[in-house]
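Each chain gets a letter, A, B and so on, in the order its sequence line appears, and its residues count up from 1. We use all heavy atoms of the structure for the numbers below, so side chains are in, but hydrogens, waters and symmetry mates are not.
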Number of protein chains: 2
Amino acid sequence: MGRAAGPGDNDRVTSAEQQQPETPRKRTGRRPGGADTRRTVLEAARAEFAARGYEKASMRAIARSAGVDAALLHHYFGTKDRLFLAALEVPIDPRVVVGQVLAGDRATIGERVAAFVLQLWEQPETRDRMLALLRTAATNEQVAQLMRGFMTTELVAPAAVELDIPQAELRFELMMSQIVGLAMARYVIGVEPLASADPAGLAPLLARTVQGYLAEG
Amino acid sequence: MGRAAGPGDNDRVTSAEQQQPETPRKRTGRRPGGADTRRTVLEAARAEFAARGYEKASMRAIARSAGVDAALLHHYFGTKDRLFLAALEVPIDPRVVVGQVLAGDRATIGERVAAFVLQLWEQPETRDRMLALLRTAATNEQVAQLMRGFMTTELVAPAAVELDIPQAELRFELMMSQIVGLAMARYVIGVEPLASADPAGLAPLLARTVQGYLAEG
DNA sequence: CCTGGAATTCATCATGCGATGAGTTTTGCG
DNA sequence: CGCAAAACTCATCGCATGATGAATTCCAGG
């Protein structure tokens, strides 16, 4: 099962190769011009982690994709772990969002949640972060635990406060499991026609399922 | 993110260590007594692949767990790929099962599918095979492709024939995505209370969702 | 009983990985 | 201007992995 045509086999070459063979070009030392290398590295890392998961995304590959030596990643981030965490760092506070989306007419809660989630997964940065998490959690207990903790304290707990239904935690988690499964089927496994389906077409079907879990006892 | 306390960190020691330091014990060569070593190896492999996924399950670890030298696995199966496939080989014909479960009263199709699926995942051998596939497909495009093909030709296509609803493929795949997501949340991420929930308690909630996808236009 | 083949292990190779430390070049502060 | 710190690369280490080939031991057919 060697690498043959993996996901993310896009030969990403970001910022390298703007050097003519004219000047002999010293290779080592600080670069002129304050390029935001750190940001470039983080973007390359995010893409690589999303496409291959933590273990298969090598420091060397990330470095190459960022047009940089691998040792530089260690210079900036120390270890691969810390680069991973830095690449996945998410700016928003999920508790707030959960509150906003769940609050409101209970008869249309399915529509609102479905629309919000589908739109989230359409944004490339968010999608990459979530794909990296999902792909990694599948075989890395440490990251699975991270995800479990995040879900429980940042999503389930606030949601259970907002919802006033029996088995709120279980039902909300079943709803989340549908989201996770949709992501797996659509983006990881890529089964058709689901993988290419228009989000707008998915929305009502997903909405009905969410509605079943979060309302209508 | 080194190995710290991964899933499947059970220190499996299957058949090794029944040798006293009494006799000097020659270590090489064929063993006396026709033990079914091949079967032992396959079981160890299945457990390891299920717990860690293809790439993290090392030949050496599988061999150790089977109480055998790693070279023996190559003797029997050639490559790691082929051992993986041999360990996952499934005896039943899914097309038949799909037909049986889907046929019948359309008003209770959700119950039947939910019951069948939940029972499938309760059987350890089936669960191990599916977990190995799922964990591996997350980061291995080759296996993802295998799974995609299997789903399409063995599950979706037969199901679409049986069901006479619009968007049959899409709806059936959404149903499957709920199954996959449930497995991820329950067995891989292990979020509570879902992970420890009684299958009997899950059944009606899952049934309702399935019913929504496969019936009730 | 003898012999060929199957079962099993040992020693070893090449490869890719994360990490480290030393060296070089540029920036920016005083 | 001078110089310390930051940015950046090179060479290299140690480790784990999948794979291979030779060597050893046992079983079964003649």
Protein-nucleotides 15-18 of chain C N/O pairs closer than 3.5 Å?
from	atom 1	to	atom 2	distance (Å)
C:dG18	OP1	A:K80	NZ	2.8
C:dG18	OP2	A:M59	N	2.9
C:dG18	N7	A:R60	NH1	2.5
C:dG18	O6	A:R60	NH2	3.1

Using whole Å, what does the distance between atom P of nucleotide C:dA19 and atom CD1 of A:I62 come to? 11 Å
Quick one: side-chain contact (heavy atoms from CB on, under 4.5 Å) partners of A:A70, sequence neighbours excluded? A:R60, A:A63
Could you check B:R38 against A:G78 and say which one's nearest nucleotide on DNA chain C is further toward the 5' end? B:R38
I need the OH-C1' distance between A:Y76 and D:dT9, as an integer number of Å. 13 Å
From CG of B:D69 across to P of D:dG21 the rounded distance in Å is 16 Å
What pairs with B:R112 under salt bridge (Lys or Arg N to Asp or Glu O under 4.0 Å), at least two apart in sequence or on another chain? none
Anything under 3.5 Å between a protein N or O and an N or O of nucleotides 4-6 of chain D, put it in a table, one pair a line.
from	atom 1	to	atom 2	distance (Å)
D:dA6	N3	A:R30	NH1	3.1

Summary of salt bridge (charged side-chain N to carboxylate O under 4.0 Å, His left out) pairs that have at least one residue in residues 174-191 of chain A, sequence neighbours excluded: A:E122-A:R186
Non-neighbouring partners of A:Q123 that pass side-chain contact (heavy atoms from CB on, under 4.5 Å), sequence neighbours left out: A:Q119, A:L120, A:E125, A:T126
Could you list the residues that satisfy side-chain contact (heavy atoms from CB on, under 4.5 Å) with A:A195, not counting sequence neighbours? A:E192
Quickly work out the B:L72 CG to D:dC26 C1' distance and round it to whole Å. 14 Å
Side-chain donor/acceptor of A:R148 to backbone N/O of B:I189, under 3.5 Å: yes
Qualifying residues under side-chain contact (heavy atoms from CB on, under 4.5 Å), relative to A:A185, sequence neighbours excluded: A:V191, A:L194, B:S177
For B:R38, check salt bridge (Lys or Arg N to Asp or Glu O under 4.0 Å) against everything at least two apart and list the hits. none
